[in-house]
Protein chains: 2
Amino acid sequence: MSPTTEALILSRGRATPARVRVLDCLLRATSALTHGELEERLARDGTLDRVTLYRVLDWLVEQGLAHKISGEDRVWRFNAVGREEHGHAHFRCTRCGQVFCLDDLRPSFALALPPGYVFGSAELTIRGLCPACNTPRV
Amino acid sequence: MSPTTEALILSRGRATPARVRVLDCLLRATSALTHGELEERLARDGTLDRVTLYRVLDWLVEQGLAHKISGEDRVWRFNAVGREEHGHAHFRCTRCGQVFCLDDLRPSFALALPPGYVFGSAELTIRGLCPACNTPRV
DNA sequence: AGTCAACTTGCAACCGAGTTGCATGATAAA
DNA sequence: TTTATCATGCAACTCGGTTGCAAGTTGACT
Ligand SMILES: [Mn+2]
Ligand SMILES: [Mn+2]
Ligand SMILES: [Zn+2]
Ligand SMILES: [Zn+2]
């Protein structure tokens, strides 16, 4: 819909309606979305096949326009990738289950791996309460 | 089998053959094991129902004798818990897929959460090459 | 424009890790 | 020994995700 979304996709391949709709939805979201959540939101303005949605998501990840987060509920969550490559720090709310990307939180760890291990990359997940779930009781 | 394993379980409940066999297998393992890997290893000395294995694993986790690790392949991996509560730092080999617990690696992060978020716990996963996969080419 | 290969979509069937219901077996307390 | 509680085995099920294939769309090249 929005021209920026379409331009983003065009820079990587064919800007099909499905791709534009999905990326648009991801860009608008404030937290990472599951396939099911996307399906629900997209259904509000037309139909989109389950499998097509899976394939569009895979394609977006492949193209670096989105990334997917694995969680404890065996469900992938997807998030549009901003201009900057982030440090993959994520926040999982233990109350509502939502997952937020902490884009500008680049954690610094001091770690010494046991001998023989070769460091590749690190992924940090914080568990706790998100702002919405952290409302003081009335 | 080993008396220590049986004692460990007895301290938490009934030491059934299935529980002893499973925990014994976990204690002997050098990396975290999937349900499938356990099934395979346990099959070598007798039969054990798939569902029973799932339930035994749940029970061990519930009792604090094991803990489970979620990964990118949507498969739980289980690991016996030593005496000390570890800091949940894990190493996932990007070549062989094995997951190792870095028990004595207690990473220190410097992180500042955005306002509104309440810190609960942190989980750190390192990706890279495990010692076995890091053999220099001959 | 017209042709054709490459890509995209939809549908149905499938996969596999994990779960549930229920009947049967073992165990421990009363 | 009776009885309630817990553990096991089997079948059927759930559910997120994948695969095969036929039909539709796109775009490059005559
Ligand atoms: Mn992220
Ligand atoms: Mn661990
Ligand atoms: Zn929340
Ligand atoms: Zn390895």
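This is a predicted model, so every value here is computed, not measured. Letters A, B, ... mirror the listed sequences (proteins, then strands); counts begin at 1.
- Of the two residues near DNA chain D, W59(B) and A15(A), the one whose nearest nucleotide lies more 5' is W59(B).
- The residue R19(B) sits close only to the backbone: its heavy atoms come under 4.0 Å of sugar-phosphate atoms, none of a base.
- Here the P atom of nucleotide dG16(D) and the CG atom of D73(A) are 9 Å apart, to the nearest Å.
- The backbone N or O of T125(B) sits nowhere less than 3.5 Å from a side-chain atom of R92(B) that would complete a donor-acceptor pair.
- Closest approach to the Y54(A) side chain among dG16(D), dA26(C), dG18(C) is made by dG16(D) (side chain taken as heavy atoms from C-beta onward).
- Contact of R55(A) with dG10(C) (side chain to base): a donor-acceptor pair of N or O atoms is detected under 3.5 Å.
- Comparing dA7(D), dT18(D), dT8(D) by their closest approach to the side chain of T52(B) singles out dT8(D).
- Whole-Å rounding puts the E72(B) CD to dG17(D) C1' distance at 16 Å.
- In this entry the distance linking CG of L10(B) with C1' of dA28(C) reads 13 Å, nearest Å.
- Within 4.0 Å (heavy atoms only), R14(B) reaches at least one base atom of the nucleic acid.
- Not a single donor-acceptor pair under 3.5 Å links the side chain of R74(B) to the backbone N or O of W76(A).
- Here the C1' atom of nucleotide dC7(C) and the CD1 atom of I9(A) are 15 Å apart, to the nearest Å.
- Interface remark: the R50(A) side chain does form a donor-acceptor pair with the dG17(D) base, using a distance-only criterion of under 3.5 Å.
- Rounded to whole Å, the distance from CD on E39(A) to C1' on dG16(D) is 11 Å.
- At the heavy-atom level, T16(A) lies under 4.0 Å from the strands shown only through sugar-phosphate atoms.
- Distance L53(B) CG to dC10(D) P: 14 Å, rounded to the nearest Å.
- Ion pairing between a basic and an acidic side chain is recognised when a charged N comes within 4.0 Å of a carboxylate O; R127(B) and E72(B) show such pairing.
- Rounded to a whole Å, the NZ atom of K68(B) is 9 Å from the C1' atom of dG18(C).
- Residue V75(A) is in sugar-phosphate contact alone, with no base atom involved, counting any heavy-atom pair closer than 4.0 Å across all strands shown.
- Positionally, the nearest nucleotide of DNA chain C for G13(A) lies more toward the 5' end than for the other of G13(A) and R74(A).
- At whole-Å resolution of the value, CG in L60(A) and P in dT8(C) are 11 Å apart.
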Check step by step if ring-ring contact (aromatic ring centres under 6.0 Å, His included) holds for H35(A) and Y54(A). CA-CA 7 Å; H35(A) 176 275; Y54(A) 275 116; 3.6 Å; yes
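- Taking hydrophobic clusters as Ile, Leu, Val, Met, Phe, Trp and Tyr residues chained together by side-chain heavy-atom distances below 4.5 Å, L27(B) shares a cluster with I9(B).
- In the set dG17(D), dG20(D), dG9(D), the nucleotide with an atom closest to the side chain of H35(A) is dG17(D).
- Checked against dT19(C), dT8(C), dG9(D), the side chain of L48(B) finds its nearest nucleotide in dG9(D).
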